[in-house]
Amino acid sequence: MTGKVLPLRKCVACGQMIPKDQLFRVVKIDGQAQLDLSYKAQGRGAYVCKKNECVALAEKKKSFNRALRGLVSGEVINSIKMELENGSR
C-alpha cells in the first residue's frame, strides 16, 4: 500500500510547487488576514515556504497582498517569523 499523497501548493514568494505540509498558510477571513496553522480555516488562502528567505521575499514583493487581494498587516508576517524561530512543525 502506498501512503497518502499530500496536495501541492505554490509558494507566493519563490513560485515552487511544494507539499502542503511544508508551507505556512495565510488565510483571509472577513477581510482580516491571519496565520492558519490548522490548514483548515475557511477563506482565501496563500502559502509561503517555511524558509526565512521566502518569507522575506514575500514581504518585500508584497506577495500576500496580491494573493489575498487586500492588505496584509505586518503582524501576520511577524507571526510567521515567530513560528520559524520557534521551530515550526
Side-chain angles (χ1 to χ4, degrees):
M1 279 182 111
T2 60
K4 187 175 180 181
V5 177
L6 287 171
L8 298 177
R9 298 291 182 255
K10 188 180 227 179
C11 174
V12 295
C14 66
Q16 289 183 332
M17 296 295 285
I18 300 173
K20 189 173 158 180
D21 67 339
Q22 297 175 18
L23 301 165
F24 285 118
R25 181 174 189 240
V26 176
V27 64
K28 184 177 178 182
I29 302 172
D30 298 328
Q32 288 291 110
Q34 60 191 34
L35 183 61
D36 176 23
L37 295 175
S38 70
Y39 298 96
K40 295 181 181 183
Q42 291 186 351
R44 184 168 191 85
Y47 294 85
V48 69
C49 297
K50 291 183 178 179
K51 300 179 203 167
N52 287 323
E53 301 84 29
C54 282
V55 174
L57 185 61
E59 183 178 23
K60 180 181 175 186
K61 291 177 19 179
K62 300 184 183 200
S63 300
F64 287 118
N65 293 347
R66 189 177 321 105
L68 297 175
R69 301 177 185 161
L71 187 63
V72 175
S73 68
E75 294 175 9
V76 175
I77 303 293
N78 290 337
S79 63
I80 293 172
K81 289 178 182 177
M82 291 286 287
E83 286 293 322
L84 281 172
E85 289 175 12
N86 294 336
S88 62
R89 305 174 216 177

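As a member of the Ile/Leu/Val/Met/Phe/Trp/Tyr network built from side-chain separations under 4.5 Å, Ile29 groups with Val27. Residue Leu6 is found outside any hydrophobic cluster, as its side-chain heavy atoms come under 4.5 Å of no other Ile, Leu, Val, Met, Phe, Trp or Tyr. Counting side-chain heavy-atom gaps under 4.5 Å among Ile, Leu, Val, Met, Phe, Trp and Tyr, Leu71 is found in no cluster with other residues.
Atom SG of Cys54 and atom CG of Leu84 lie 10.0 Å apart (nearest 0.5 Å). In this structure, the separation between CG on Asn52 and CG on Leu57 is 12.5 Å, given to the nearest 0.5 Å. Remark: Lys81 NZ to Glu83 CD distance equals 14.0 Å, nearest 0.5 Å.
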For residues 9-20, run the donor-acceptor check on the side chains, cut-off 3.5 Å, and write out each pair with its distance to 0.1 Å, sequence neighbours left out.
none

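Sorted by first then second residue, the side chain to side chain donor-acceptor pair (under 3.5 Å) pairs that include residues 60-80, not counting sequence neighbours, number zero. The list of salt bridge (charged side-chain N to carboxylate O under 4.0 Å, His left out) pairs with a residue in residues 30-41, not counting sequence neighbours, reads Arg25-Asp36.
Listed by chain and residue number, nothing satisfies the side chain to side chain contact (heavy atoms under 4.5 Å, CB included) test with Gln32 (two or more places apart in sequence, or in another chain). When the side-chain hydrogen bond (donor to acceptor under 3.5 Å, both in side chains) test is applied to Gln22, no partner is found at least two apart in sequence or on another chain.
Between Asp21 and Tyr39, every side-chain heavy-atom pair lies at or beyond the 4.5 Å cut-off.
Hydrophobic clustering (side-chain heavy atoms under 4.5 Å, transitive across Ile, Leu, Val, Met, Phe, Trp, Tyr) keeps Leu8 apart from Val48.
In terms of heavy-atom proximity, Cys49 sits nearest to Phe24 at O-CD1, 4.2 Å.
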